[in-house]
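A quick write-up on the structure given underneath.
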Amino acid sequence: MPAMLTTLIADAAALPAAGEDPYSRFVRLLTVFLLAMWVGFEVITKVPQRLHTPLTSGSNAISGVTAVGALVVTASLASTAGTAIGFVATTLAMVNVVGGFVVTARMLQMFNPKKK
Amino acid sequence: MTSHAWINLAYLAASMLFIVAFKLMSGPRTAVRGNAIGAAGMAIAIIAACFDPKVTSAVAEQGAWPLILIGSAAAIGGSIGGTMALRYPMTGMPQMVALLNGFGGAASALVAGAELASTVAAAGGVSRCATAEASLVSWSQFGIATALTGLIGGLTLFGSLVAFGKLEELKQFKKAWTDPRRHWINAILAIAMVGLVIAVCNAPSQQLFFWLLVGVGCILGCTLTLPIGGADMPVVICLLNSYSGLAAAAAGFVIDNSVLVIAGSLVGASGLILTAIMCEAMNRSLVGVLFGGLGTTAVADGDDVYAGKIKSAGAEEIAMILEGADRVVIVPGYGLAVAQAQHAVRELSDVLEARGCEVEYAIHPVAGRMPGHMNVLLAEADVAYEKLREMDDINPTFAETDVAIVIGANDVVNPSARTDPSSPIAGMPILDVDKARTVVVVKRSLSPGFAGVPNPLFAADNTLMYFADGKKAILDLTAAIQPAD
């Protein structure tokens, strides 16, 4: 049963299998996009004002997820230009990811009363 | 299960962790774990990306080359980011976040550009890859998403760089760009933008159009951010944050990757909500913030409001009032950040509390230069989280407050927002400090705040003006109280 479930979930999120027509592929991603947007709205309206700065910098770090795309396009070595541009993209995205999470951690550390 | 499915499962796990991370951000204790979980999700996504079939087949053909390449890019980027984040002073957080945000936007635009270059190469090569050819037809998902990613990414990068310059208070960005011709320039850029989006969607293989579009996005990022004044910065930061998320989501459509789409839209939604909250807190429409209006309107003359009614006081006199106070509320504004007076303020409240006085802080949602700026600043000075009260929470208590001390805030305590319907800031929610028994305003001079309107609070019967630099004023005040202890 769990094995079947994992397969199902993986299928739903899977990259287009060969033969999937472009429209249903687009609709699948659009579904994911809108549902995630909705979850985002629901979750974030509950964050209190005083945590807005860490929220901004934390979400900023998560937007560095584009590193995933940058890594794949760079390492697939499909063209010289693509690899070179991808290399720069990977570097910038990693600055965003690491910088973002570290800054947020530093900030949150200050919010918590120091243990004496 | 194929390796492909495993990778997607890892992406799914990462996406779930991102959602949990956002969820945990709602409390100061759980937020630390939230951040760690977000980082773990990112690590999973990045490791999974290294096993992508495109990467593994490149490794099979070319050896360790591709891995060395991405490894070194990640090491360079990671160490730059880590060093920046550890070295940058805490007070510079707004500009640091702006800068990182810009890098994220730029990365998304470049991912689209790199993918485009590789796809064009694959479609044109000897192999004539069929999927690559299918991607490059007119108005394909690939083409549309590539255009949008390039545009939003460029806009995010340069918008963030300008925001960084403004927050860092670089000389070149001191004055907001208010030339009325900017509307024409923006209109021309908007037309060029629409034209280029259509051109890229129509013929994705024409890479020149794509890069021109990125260029237009970059210029738009500048022309839209340059006119925005300092007090509107929180809105801009939120909006740019949202854009960087949307750019990542659009990049997800380019490369058909669900983790990019999910994480990007989460960030996009978060930024949009914060933008709406910030606009509401200033009683301004988003369009109004983006295209200006406030600050450029005719300024009422302050002399009529203030004539003969200003009472100024020194440290000794104010110290005496504070010695008799049972409840003091401190209202910090951007001036506190500029004067770096947060530690001095903490010491003052320690002294007052030692005398049995209750001290709280009233935080306006748009005080400072980014959402929650004052909270971070005061947290740095070890002010207890519980003492920082939000506007709606603390407003009813001003009537029972003996002394309200306003430090470096102006428009957010201007009662004409409540009383004068013709005021440019009419209807903006404010902190009702004027209802306190005594109001002490620490300010350098009577110069108006960002909105350019005179503040009748300064001329009120129960207000004492304390003209001095914020930090020095508070230090003198603390020293004046201490002997009585």
Side-chain angles (χ1 to χ4, degrees), chain A residues 10 13-15 26 29 32-33 36-37 40-41 43-44 46-47 49-50 52-53 55-60 62-66 68-79 81-82 85-105 107-108 110-111, chain B residues 5 8-9 12 22-23 25-26 28 31-32 35 39 45 49 52 54-55 58 66 70 73-74 76-78 80-82 84-85 97 100-101 103-104 106-108 110-111 113-115 117-118 121 141 244-245 248 251 255 258 261-263 265-267 269-270 273 371-372 375-376 379-380 390:
Chain A
L15 292 176
F26 174 70
L29 278 178
V32 171
F33 176 75
M37 230 22 200
F41 280 125
V43 172
I44 285 133
K46 300 202 173 71
V47 178
Q49 177 202 322
R50 40 196 159 187
H52 279 173
T53 297
L55 172 67
T56 311
S57 74
S59 63
N60 172 38
I62 290 178
S63 74
V65 72
T66 200
V68 167
L71 285 175
V72 174
V73 71
T74 310
S76 56
L77 300 182
S79 69
I85 301 167
F87 186 85
V88 181
T90 310
T91 312
L92 289 175
M94 289 308 287
V95 174
N96 188 189
V97 167
V98 176
F101 282 118
V102 173
V103 156
T104 313
M107 224 183 282
L108 288 169
M110 300 187 320
F111 276 101
Chain B
N8 283 306
L9 198 58
L12 187 63
F22 272 115
K23 179 111 191 94
M25 278 283 176
S26 55
V32 177
N35 189 50
D52 189 283
K54 279 188 186 169
V55 180
I70 53 175
I76 297 170
I80 294 174
M84 271 168 70
V97 172
L100 289 173
N101 197 45
F103 289 160
S108 292
L110 292 177
V111 167
E115 190 67 23
S118 293
Q141 173 190 322
S244 75
I255 59 170
S258 54
V261 174
I262 293 173
S265 49
L266 283 173
V267 177
S270 134
I273 287 179
N375 299 83
V376 178
E380 195 221 343
E390 292 179 20

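Just the heavy atoms: all of them, side chains too, but no hydrogens, waters or symmetry mates, feed the values below. In what follows, chains are A, B, ... by sequence order, proteins preceding strands, each numbered from 1.
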Rounded to the nearest 0.5 Å, what separates atom [atom1] in [X] from atom [atom2] in [Y]?
X         : Y         : atom1 : atom2 : value
His52(A)  : Ile273(B) : NE2   : CD1   : 9.0 Å
Leu110(B) : Thr91(A)  : CG    : OG1   : 10.0 Å
Phe103(B) : Thr66(A)  : CZ    : OG1   : 14.5 Å
Met94(A)  : Ile76(B)  : CE    : CD1   : 11.5 Å
Ile85(A)  : Ser118(B) : CD1   : OG    : 8.0 Å
Ser79(A)  : Glu115(B) : OG    : CD    : 9.0 Å

Determine the option with the most heavy-atom pairs under 4.5 angstrom with chain B, choosing from [options].
options                                  : result
Gly58(A), Gly100(A), Ala105(A), Ser59(A) : Ser59(A)
Val102(A), Thr90(A), Val73(A)            : Val73(A)
Val98(A), Thr74(A), Ile62(A), Val43(A)   : Ile62(A)

Below 4.5 Å from any heavy atom of chain B, which atoms of Val97(A) appear? Answer side chain, backbone, both or neither.
side chain
On a heavy-atom basis, which atom in [X] and which in [Y] lie closest, and how many Å separate them?
X         : Y         : result
Ile255(B) : Gly69(A)  : CD1-CA, 3.4 Å
Leu77(A)  : Pro66(B)  : CD1-CG, 3.6 Å
Glu390(B) : Arg50(A)  : OE2-N, 3.8 Å
Ala114(B) : Gly86(A)  : CB-N, 3.7 Å
Val32(A)  : Ser258(B) : CG1-O, 4.4 Å

If you count heavy-atom pairs within less than 4.5 Å of chain A, which of [options] leads?
options                                  : answer
Gly78(B), Gly104(B), Gly245(B), Ala31(B) : Gly78(B)
Ala58(B), Gly82(B), Ala85(B), Gly372(B)  : Ala85(B)
Gly113(B), Ala117(B), Ala248(B)          : Ala117(B)
Val267(B), Val32(B), Val55(B), Leu266(B) : Val267(B)

Determine whether a donor-acceptor pair (N or O, by modelled atom type, separation under 3.5 Å) exists between the side chain of [X] and the backbone of [Y].
X        : Y         : result
Ser76(A) : Lys54(B)  : no
Thr53(A) : Pro371(B) : yes
Asn96(A) : Asn101(B) : no

Part of Ala45(B) within contact of chain A (heavy atom distance under 4.5 Å)
both
Any side-chain heavy atom of Leu29(A) within less than 4.5 Å of one from Gln141(B)?
yes
With the side chain counted from C-beta on, respond yes when Leu55(A) and Phe22(B) share a heavy-atom pair under 4.5 Å apart, and no when they do not.
yes
So Phe33(A) and Ile262(B), side-chain contact (heavy atoms from CB on, under 4.5 Å) or not? Walk me through it.
CA-CA 6 Å; Phe33(A) 176 75; Ile262(B) 293 173; over 6 Å; no
Would Leu100(B) and Val95(A) count as a side-chain contact (heavy atoms from CB on, under 4.5 Å) here? Give the steps.
CA-CA 7 Å; Leu100(B) 289 173; Val95(A) 174; 3.9 Å; yes
Among Ser270(B), Ser108(B), Ser244(B), the one residue meeting side-chain hydrogen bond (donor to acceptor under 3.5 Å, both in side chains) with Ser63(A)
Ser244(B)
Would you sort out whether Leu108(A) and Asn35(B) count as a side-chain contact (heavy atoms from CB on, under 4.5 Å), showing the intermediate values?
CA-CA 9 Å; Leu108(A) 288 169; Asn35(B) 189 50; 4.0 Å; yes
Walk me through whether Lys23(B) and Val47(A) qualify under side-chain contact (heavy atoms from CB on, under 4.5 Å).
CA-CA 8 Å; Lys23(B) 179 111 191 94; Val47(A) 178; over 6 Å; no
